Amino acid sequence: MSDAPAGKLPWPLEVTGVSRRIGARQVLDDVSLTVGRGRICALVGPNGAGKTSLMRVVSGRLRADRGQVRLLGQSIGEARAQGALGLVPQDLALYTSLTIRENLEVLGTLAGVDRRALTDRIRESLQWAGLADRADHRLSSLSGGMKRRVNLIAGLLHQPSLLLLDEPAVGVDAASEGRLYALLSSLRTSGMGIVLVTHHLDDAAACCDDVVVMYEGRVVASGAVSEVVARAFPEGREVVVLLAETPDERRVSMMQRHAFRQIGARTWARAGSASLADVDRLEADWLANGVVVAETRVRQPSLPGAVAVLTGHTVGGES
Amino acid sequence: MRAAVVRVLLLQLWRDRGALVTGFVLPVVVFVVFAAIFGGASGNTLLLRVVVADELHTAESRRLVDALSTLKTITVTAQVSTRAAAEQLVAEGAADAGLVLPAGARPLTQLAGDGEPPMLVLTHPARSVAGSLLVGHVERLYYERLPDVALRGAVSLVDALVVSLTDEQKADADRQLAAMAPQPGELADAPDDGTTMAPMVAQAPATTRGASIDEVAYYAGSVAILFVLLAAVHGAASLHDDVASGVVDRVLTGPATLATLVDGRAVFLAGQALLQVLVIFAVAWLAYGVDVPARLGPWLIVTGVVAIASAGLMLLVSVLCRSAQQAVAVSNVAVLVVSAVGGSMVPRFLMPLWLQQLGWLTPNAWAIDAYGAALRAGSAWSGTLRPSLVLLVIGIGGWLLARQLARRWETR
């Protein structure tokens with residue numbers, strides 16, 4: 001999926017044939033993936049696809065029934081002991097009554113960072129994240145975007161080889177989200193492998209090198225973003241129609257029968273072999289059923305569209 | 001790493017004024033109130049409000065009422081004419097108890113025989129101790145302030161049951177007894193001229209120590225264990241906050257384990273408990289004369305094991321729960337129940353035997369017992385060993401179990 005390990009260095013993350021059943025549900029089914037050095041891998045899919053379960057297996061919080069997880073060629077326990085793994089949870093895993101600096105000192109210590117090194121790393125991290133002038137402010141006084149940045153750098157203090165991020169930008173405005181993804185992109189140069197669980201597929205496409213699409217516990221597609229998109233749209237295009245009116249339930253069923261998916265109230269898209277000629281052929285049928293097409297166009301397919309095609313579910317909104 | 005956990009909890013406590021007041025000011029206030037109520041109060045210092053209904057209207061009954069009015073510990077709030085009126089005032093709470101000298105009852109001079117007793121004390125179920133105190137006061141006044149009346153009864157008793165007196169002897173006794181009756185204005189001072197009966201019961205302190213120091217020490221210990229347990233509730237429950245916020249997820253990706261988080265909390269809770277106990281006993285020493293410095297060794301041992309017991313026990317209760325909310329609710333209820341049963345709210349000797357026995361299942365009873373043994377002057381250090389050992393087992397056992405149970409959050 002990503003570049004081969006440099007020389008003999010092992011992958012930051014190598015997951016091989018991991019399965020896990022919880023109760024009657026197979027939450028992970030023969031999942032395999034690798035994350036290379038300096039690569040950002042987006043783990044995407046609809047709710048219940050198994051993304052969080054996979055993250056929990058990788059972080060050692062959920063046992064796999066079968067398969068193997070190796071971090072830098074080591075077991076999870078060994079990697080944890082050496083501080084090779086970093087986590088940025090979806091919730092703000094911070095203490096709100098403490099200042100930024102106090103939070104980082106405490107969490108850095110718990111991550112096993114030496115006291116003297118910690119002071120330097122906190123200073124550097126705060127400058128990197130643009131929070132140096134807020135270091136002694138309590139977390140409760142910060143904006144949502146700032147808290148998210150603190151949440152991010154708290155997972156980096158011990159300089160892990162693999163960083164897991166679960167929806168790191170949830171609940172922040174677009175500007176803060178952009179800033180956060182820019183920070184993430186800049187981490188590539190450190191050689192760190194990054195796994196990002198997100199529903200923001202446009203951001204994932206912009207910032208990530210690789211994508212793993214999951215559905216019902218399985219990996220349905222993986223590779224570079226362009227490869228995954230190409231797999232969903234082999235002809236490299238997507239036909240989008242804008243209907244004159246919002247269709248009722250019966251007409252929605254008809255559109256779905258014709259392999260179109262709804263991406264807006266009146267906007268429908270079709271993947272794969274669809275062409276304008278196909279649409280022309282279908283339009284007569286639609287008209288007979290009271291569906292009027294206001295506009296038809298062909299566009300460059302996107303990752304959100306690809307995920308929708310591959311899983312049958314729209315993730316995080318599609319435009 | 002454990003120090004980092006302690007630091008978080010310390011900073012959170014320091015910045016939470018409500019928790020500081022609850023943990024360090026409220027215990028002192030409650031201790032002072034308890035010490036004032038139970039330690040400094042006795043039957044001789046409680047001020048009773050009494051309503052009197054003299055239905056007899058005899059010279060003797062008036063003398064008894066007048067004598068009652070002169071007592072410094074009793075305030076006769078009302079004198080009414082009927083028992084019903086007195087009952088109403090007691091029922092309404094206008095008086096703590098009532099004294100009725102009922103019409104138709106035996107005369108005050110008749111110690112034996114048929115008929116209702118000549119003095120009736122009215123009580124209210126909510127203030128029954130006031131009735132008992134009034135009974136004691138009235139009996140004492142009868143013999144001390146109305147000795148002629150009491151002896152007249154005794155003479156008639158002798159005449160009836162022991163030896164028949166001649167008319168001359170009876171007349172002579174009447175004269176002598178009439179001469180014993182105090183003159184108006186003499187009532188304020190208790191007769192002490194040898195004409196009254198000598199008291200049959202004397203009271204003496206069993207210890208040379210200051211008044212009620214043991215009671216104060218009892219309450220210092222009982223309030224200390226109550227608030228040490230209460231203050232530990234939030235610190236112990238904060239483990240659930242760390243689980244819910246993702247701090248545990250984050251921490252467990254590194255070398256730290258859940259045992260690190262549990263251990264750090266145990267150290268913090270024990271330290272917090274030590275500080276709380278120190279504050280309470282400092283007040284007991286400086287304000288009430290409980291001689292802690294003279295018994296510093298045993299006191300330190302007991303305080304140490306109380307701190308360990310509270311930390312271990314509350315961590316265990318918290319880890320057994322599923323959320324911070326549940327942990328706080330369950331822990332608060334548990335602390336209040338064990339404190340009530342264990343003697344932190346009411347002295348254990350006032351409890352029925354079965355409740356006293358049940359109390360040994362609580363850390364409170366052992367802590368109170370341990371502090372009693374530690375602070376009682378002249379008592380051997382060895383008296384603290386058994387309760388201290390029990391508290392140590394509670395603490396270490398609770399901590400180890402909490403450590404083990406918390407591991408369920410590590411890996412599923």
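Bear in mind that the values here come from a model prediction, so they are computed numbers and not experimental data. Convention: sequence-line order gives letters A, B, ...; per-chain numbering from 1.
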Atom pair [atom1]/[atom2] of [X] and [Y] - distance to nearest 0.5 Å:
X	Y	atom1	atom2	result
L11(B)	S97(A)	CG	OG	7.5 Å
L9(B)	Y95(A)	CG	OH	7.5 Å
D249(B)	D91(A)	CG	CG	8.5 Å

What are the two closest non-hydrogen atoms of [X] and [Y], and how far apart are they?
X	Y	answer
G246(B)	P89(A)	O-CG, 3.7 Å
L98(A)	R15(B)	CA-NH1, 3.5 Å
A111(A)	P255(B)	O-CD, 3.4 Å
R250(B)	V88(A)	NH1-CA, 4.5 Å

Between [X] and chain A, with a heavy-atom cut-off of 4.5 Å, which part of the residue counts as in contact: side chain, backbone, both or neither?
X	value
D242(B)	side chain
A3(B)	neither
Q12(B)	both

- Message: Is L92(A) in contact with chain B via its backbone, its side chain, both, or neither, using a 4.5 Å heavy-atom distance?
- Response: backbone
- Note on the structure: If one checks every heavy atom of N151(A) against chain B at 4.5 Å, the contacting part turns out to be both
- Which of T260(B), L261(B), L252(B) touches chain A most, by non-hydrogen pairs under 4.5 Å: L252(B)
- Query: Under 6.0 Å from the CZ atom of R66(A), do we count more than 12 heavy atoms belonging to anything else shown?
  - Reply: no
- Task: Can you establish whether the number of heavy atoms outside R322(B) located under 6.0 Å from its atom CZ is more than 12?
- Result: no
- Item | Residues E410(B) and R63(A) bridged, charged N to O under 4.0 Å | no
Select, from [options], the one with the greatest count of heavy-atom pairs under 4.5 Å involving chain B.
options	value
H158(A), R56(A), E105(A)	E105(A)
G77(A), A154(A), A84(A)	A154(A)
L110(A), T96(A), D166(A)	L110(A)

- Might you work through the side chain to side chain contact (heavy atoms under 4.5 Å, CB included) test for L94(A) and V247(B), ending with a clear yes or no? CA-CA 6 Å; L94(A) 301 163; V247(B) 166; 5.9 Å; no
